[in-house]
Amino acid sequence: MTVRTRFAPSPTGFLHIGGARTALFSWAFAKKHGGDFILRIEDTDVARSTPEAVQAILDGMQWLGLDYDEGPFYQMQRMDRYKEVIQTMLDAGSAYYCYSSREELDALREQQMANKQKPRYDGKWRPEAGKVLPMPPAGVAPAIRFKNPVDGVVAWDDMVKGRIEIANAELDDLIIARADGTPTYNFCVVVDDSDMGITQVIRGDDHVNNTPRQINMLKALAELDAKIVIPQYAHLSMILGNDGQKLSKRHGAVSVMQYDDDGYLPEAVINYLARLGWSHGDEEVFSKQQFAEWFDLDHITPSAAQFNTEKLNWLNAHYIKQADNAYLVKDITKRLAKLGVAISEQPALPAVIDLYKERANTLNELAASIAYFYQNPIIDEASAEKHLTAEIKPVLAALVQSLRSIDWQAEAIHHQIEAAVTSNSLKFPKVAMPLRVMLTGIAQSPSIDQVMALLGKDEVLARVNSALK
RNA sequence: GUCCCCAUCGUCUAGAGGCCUAGGACACCUCCCUUUCACGGAGGCGACCGGGGUUCGAAUCCCCGUGGGGACGCCA
């Protein structure tokens, strides 16, 4: 049987890091087994679903390069199918109308909570052999409930967590269609996973509690249609924030696109996410393709994982070093523009990037650190005070003169600095440091002769002269 | 409250009863490289939640405890 996995987000917000990892693992499992990865949008909560959120999810997946073989399918476009299945369940007696009002149900729940009981439906409208149902109240539109088995246990071998067993006595009759006729989540998932031939359901472990209900519905459906099979389930643990706290809208949950904004490469985010809760021996750095070849459910950690920006930074720095310059030039030009810096012909951006790409954790850092090539540097006062001393200024003034006539190459520049250093019996940094501050604004830069070579003779002379005034 | 899940360095993890004196990676520290800062290289610090079993032998299996998390909607 061909492997078919799916990612099924509800479009009520952006694609966050947890969803992205779920999608990545589902994608990888399908790729590993030569199967199909399906995207399904679970938009039955009309009140909270938005087209913007759908787009945000699509954008996030595209940025990460998680391509799907089928979809996106929209549940709202499958209403007829859901209603059809509900009717067959009603006919077969595995579903029934429930006339309990929301108020009634709320009161029941509250009372049960007060009695320290597990809140559950009391079965008032559940048909039972020999049971006399109350008269349906007039003018009340009924919801439809699934008739869950009362006895026995539901069990499955979770591919991440191992065998999980839940007593049917713990479950109640969930609503599969609202009073207005729209089907609810657990039911739609069952119909879709079944119709779409999903073989492995890989999802967040907040769904563990839904699984027994879904299996029971699948079993009921299978009695009506022998072709229906129960998929395998794999429940991924959640991702915690940097501080070990749960991610939420209020606390640290951000869109994957935020990582783009913040200067992270998708390769780095993919690599990082892959290693969060999954491992392949001691392997740390690998591509998406390599991940897809290695991926397996046996090496997923069942426990929650804490996000660690520092490790992401390390990976990102690695991928920036690896990135090809054409890509970086395009990207950095954009980021510089955002900083209000327009690049000019000279110094050539590829050369500047070459000089700096080994020094940045993020693309934003890279852009910010080279801005001084295209605009006057903002001189750091403390550095200026420390390095640009009264004693060294005459040396620098003389050095500038000697630089006027030389061939503007890093080596020649180095020679001149060296000459100034020896003739004044100084140490190299004594001269290099003030130059750094005058030219770049700060006391850290790549090799100063290379910086000067790139900056250009005129610009160097202008900046030094202006700083010496 | 009930049910379910989880538990190895600060963090991500390796670990399938002897290969474990518990390995790797990030972070941190030291040294080397050096023209400052990075990069790179070498080293260091640092963990099996607790208690009982099972076994010749347990990080690994079982039980109890503790701690953390999730779920209990006409949300998904």
Side-chain angles (χ1 to χ4, degrees), chain A residues 8-12 42-45 47-49 75 98 100-102 105-106 109 112-120 141-145 158 160-162 164-167 169-172 174-186 188-189 204-212 235 237-238 240 242 244 246 272 275-285 298-299 301-315 317 321 356-361 369 383 387 414 417-418 421 427-433 435-437 440 442-449:
Chain A
S10 60
T12 55
E42 311 218 320
D43 54 356
T44 54
D45 184 355
R48 293 199 302 154
S49 299
Q75 290 188 323
C98 168
S100 296
S101 67
R102 285 168 197 257
L105 262 15
D106 286 347
R109 197 168 11 249
Q112 286 167 330
M113 292 284 256
N115 292 343
K116 306 200 178 225
Q117 289 171 312
K118 185 168 182 161
R120 58 212 313 288
I144 299 169
R145 286 186 188 268
D158 196 279
V160 173
K161 294 181 187 286
I164 299 179
E165 283 189 4
I166 288 159
E170 290 297 328
L171 274 18
D172 64 356
L174 75 158
I175 287 175
I176 59 175
R178 303 176 178 90
D180 66 7
T182 57
T184 59
Y185 166 76
N186 275 296
C188 296
V189 167
D205 74 358
D206 46 335
H207 288 289
V208 166
N209 295 274
N210 291 325
T211 306
H235 288 100
S237 61
M238 51 189 297
L240 274 18
N242 263 309
K246 188 193 173 180
Y272 179 74
R275 274 300 276 107
L276 207 53
W278 177 84
S279 61
H280 186 76
D282 287 340
E283 300 290 346
E284 293 288 351
V285 182
D298 297 336
H299 291 84
T301 315
S303 55
Q306 193 170 317
F307 196 88
N308 185 237
T309 304
E310 280 162 342
K311 187 162 181 183
L312 207 213
N313 284 345
W314 171 72
L315 277 168
K321 280 176 231 159
Y356 269 87
K357 69 193 285 192
E358 294 210 338
R359 319 167 68 84
N361 281 331
S369 66
S383 300
H387 298 292
H414 185 87
I417 301 177
E418 200 69 71
V421 165
K427 297 269 190 217
F428 198 96
K430 260 295 187 236
V431 178
M433 291 309 286
L435 281 173
R436 267 197 185 91
V437 175
T440 74
I442 58 173
Q444 304 83 31
S445 83
S447 167
I448 192 63
D449 41 38

* **Short side-chain N/O contact from A:K321 to OP1 or OP2 of B:A38, under 4.0 Å** => no

* Asked: Can you check whether A:N308's main-chain N or O pairs, donor with acceptor, with A:Y272's side chain at less than 3.5 Å?
  -> yes

* Structure fact -> With the side chain defined as heavy atoms from C-beta on, A:Q306 is closest, among B:C26, B:U11, B:U13, to B:U11

* Considering only the P atoms, how many Å lie between B:C6 and B:C64, rounded to the nearest integer? -> 14 Å

* To do: Examine B:C12: is either OP1 or OP2 under 4.0 Å from a nitrogen or oxygen in the side chain of A:S279? Give yes or no.
  => no

* Asked: Are OP1 or OP2 of B:C6 and a side-chain N or O of A:S237 less than 4.0 angstrom apart?
  -> no

* A:D282 (side chain) and B:G23 (base): donor-acceptor pair under 3.5 Å -> yes

* Asked: How long is the span from the CZ atom in A:R436 to the OG atom in A:S383, to the nearest 0.5 Å?
  -> 11.0 Å

* **Check: A:P183 main-chain N/O paired with A:R178 side-chain donor or acceptor under 3.5 Å** => yes

* Could you give the distance separating B:G23 and B:C56 at their C1' atoms, to the nearest angstrom? => 26 Å

* To do: Compare the minimum distances between each of B:C26, B:U35, B:U13 and the side chain of A:K311, then state the nucleotide with the smallest one.
  => B:C26

* Nearest to side-chain heavy atoms of A:P119, which nucleotide of B:A76, B:A7, B:G1 -> B:G1

* **Nearest-nucleotide comparison on RNA chain B, the residue closer to the 5′ end among A:A360 and A:Q117** => A:Q117

* Rounded distance (Å) that lies between atom C1' of B:G69 and atom CG of A:N209 -> 12 Å

* Asked: Does OP1 or OP2 of B:G70 have a side-chain N or O of A:K246 closer than 4.0 Å?
  -> yes

* Asked: Considering only B:A27, B:A25, B:A76, which nucleotide approaches the side chain of A:E310 most closely?
  -> B:A27

* Does A:P11 offer a backbone N or O that forms a donor-acceptor pair with the side chain of A:D43 under 3.5 Å? -> no

* Side-chain N or O of A:H235 less than 4.0 angstrom from OP1 or OP2 on B:C4? -> no

* **Spacing of A:Q444 atom CD relative to B:C39 atom C1', expressed in whole Å** => 15 Å

* To do: Could you check which of B:U35, B:A76, B:G1 has an atom nearest any side-chain atom of A:P429?
  => B:U35

* Do A:N210 and B:A71 share a donor-acceptor pair, side chain to base, under 3.5 Å? -> no

* Asked: In whole Å, what is the span from the CG atom of A:D206 to the P atom of B:G68?
  -> 20 Å

* Asked: Looking only at atom P, what distance separates B:G15 and B:U8, rounded to whole Å?
  -> 14 Å

* Asked: Phosphate oxygens OP1/OP2 of B:A71: is one of them under 4.0 Å from a side-chain N or O of A:R120?
  -> no

* Atom CZ of A:R145 to atom P of B:C74: distance rounded to whole Å? -> 6 Å

* **A:R109 vs B:G73: side-chain N/O to OP1/OP2 distance below 4.0 Å** => yes

* Asked: How would you label the contact of A:N242 with the nucleic acid (heavy atoms, under 4.0 Å): base, sugar-phosphate, or nothing?
  -> nothing

* Return the 5'-most residue of the pair A:D106, A:L240 with respect to RNA chain B, ranking by each residue's nearest nucleotide. => A:L240

